[in-house]
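Here the structure is a predicted model, which means the values were calculated and not measured. Just so it is clear, the values below take in all heavy atoms, side chains as well, and ignore hydrogens, waters and symmetry mates. Order of listing sets the numbers, starting from 1, for every ligand and every atom in it.
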Amino acid sequence: MSDAKAYSAASATSPLAATTIQRRNPTERDVQIEILFCGICHSDLHSVRDEWSSIMPTVYPIVPGHEIVGRVVSVGSAVTRFKPGDLAGVGCLVDSDHSCPSCQADVEQFCHDAVFTYNGPDKHLGGVTYGGYSDSIVVDEHFVLHVPTNLDLAGVAPLLCAGITTWSPIRRWGLTEGKKVGVVGLGGLGHMGVKFARALGAHVVVFTTSPGKKEDALRLGAHEVVLSTDAEEMQKRAGTLDFILDTISADHDINAYVSLLGLDGNLTLVGAPEKPFPVSAFALLFGRHSISGSLIGGIAETQEMLDFCGKHDITADVEVIPIQDVNKAYERLLKSDVKYRFSIDMASLKS
Ligand code: NAP
Ligand code: ZN
């Protein structure tokens, strides 16, 4: 085992603070990675504060972080796809059973033995897995992604969660030319949804509660921006959208968005607020609307997304911060004040 520097939280009410954790010695199938940048996902904050306690209770101490990009330091003897010096990405998954129908169908995220990058059962060391707010990580080769060499690495890190989580439903629902797509919430996920839907040729309408984000939404690729608190503007869009990607992290009235769907329109939830919300039957009945959910994406699909980003020069818009500012960043995330993802520069862990 080796020591790694990290930031962890000791309880749901404690701030994140410097600590030392153990990483396993690489097995023959493992890749050892020096972490260069790690994005801050709102899921990190939900988990640190145990907001998902009824579904996935947090085990403390927690080291969050599942938007990891770094450089390969060493590889096990059976590793074929990576060598020391390569760039490498790790997202929300670090293990699965490799054999169930979900794994065979390249949707490892639905494997019953899927292990999340943090707060998952650690099969090697016992206890729970520790995530990317750290200077290093050791991961099974299958869950390590190739990172295009032409992109800014701070902006690549968020692709490993915010990127794949929005890419997967946008691809699954065939949102290309001729489709009208609503993106609700312009945060880490939302801004990636806008970039992807636009790059794939869809007409993109952003719904935001923040008047100050209107200009950015257009710059990021939206064709239209609607302030969701403006009832008249919302009413104008009733029945006009083929698809809505709902990325809101907090309690909200989902029916207000379902009513914006046209015939057979779908609203896909990727946001994961703490509490369940009421759904109006009539909002679904009229127009044969549906609501569904989507969870990150499989490894092959994540690689497809990264390759697309390399080809089309797409990265997240990031504010790079030293890890010492992580608690301040969480407070700003809660105020929807991030443009549009915090990316932690892990060089700051050395200081
Ligand atoms: P984020 O950067 O904080 O963005 C969330 C956005 O939602 C905010 O910027 C804000 O946009 C809007 N919002 C926040 N509070 C709101 C409220 N009370 N009412 C209406 N709108 C509100 O968060 P994120 O990292 O994108 O994550 C979003 C959600 O997705 C989180 O719940 C996260 O856990 C979840 N998630 C799910 C998956 C998955 O696999 N399904 C993967 C990653 C994350 P405006 O300022 O534009 O209104
Ligand atoms: Zn995430």
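With a 4.0 Å heavy-atom cut-off, ligand 1 is reached by the side chain of Cys161 but not by its N, CA, C or O. Contacts between Trp52 and ligand 1 below 4.0 angstrom, taking non-hydrogen atoms only, involve the side chain exclusively. Counting heavy atoms under 4.0 Å from ligand 1, residue Thr165 touches it through the side chain alone.
Closer than 2.8 Å to the Zn ion (ligand 2) sit the protein N, O or S atoms Cys41 SG, His66 NE2, Cys161 SG.
For ligand 1, the polar-atom distance check finds no N/O of Tyr340 at less than 3.5 Å from any of the ligand's N/O atoms. For the pair Gly188 and ligand 1, the shortest N or O to N or O distance falls below 3.5 Å. The shortest N or O to N or O distance between Ile248 and ligand 1 is not below 3.5 Å. Backbone and side-chain nitrogen or oxygen atoms of Ala272 are examined, and one is located within less than 3.5 angstrom of a nitrogen or oxygen of ligand 1. Considering backbone and side-chain atoms alike, His252 places every N or O at 3.5 Å or more from each N or O of ligand 1. The distance criterion of under 3.5 Å between nitrogen or oxygen atoms is met by Leu189 with respect to ligand 1.
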Side chains of residues 140-147: which donor-acceptor pairs under 3.5 Å do they make with residues two or more places apart or in other chains?
residue : atom : partner : partner atom : Å
Asp140  : OD1  : His142  : N            : 2.8
Asp140  : OD2  : Arg29   : NH2          : 2.6
Glu141  : OE2  : Thr80   : N            : 3.0
Glu141  : OE2  : Arg81   : N            : 2.6
His142  : NE2  : Glu108  : OE2          : 2.8
His146  : NE2  : Arg81   : O            : 3.1

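Among all non-hydrogen protein atoms, the one lying nearest atom 9 (O) of ligand 1 is Lys213 NZ, 3.2 Å.
A salt bridge links Asp317 and Arg219; the closest N-O separation between the charged side-chain nitrogens and carboxylate oxygens is under 4.0 Å.
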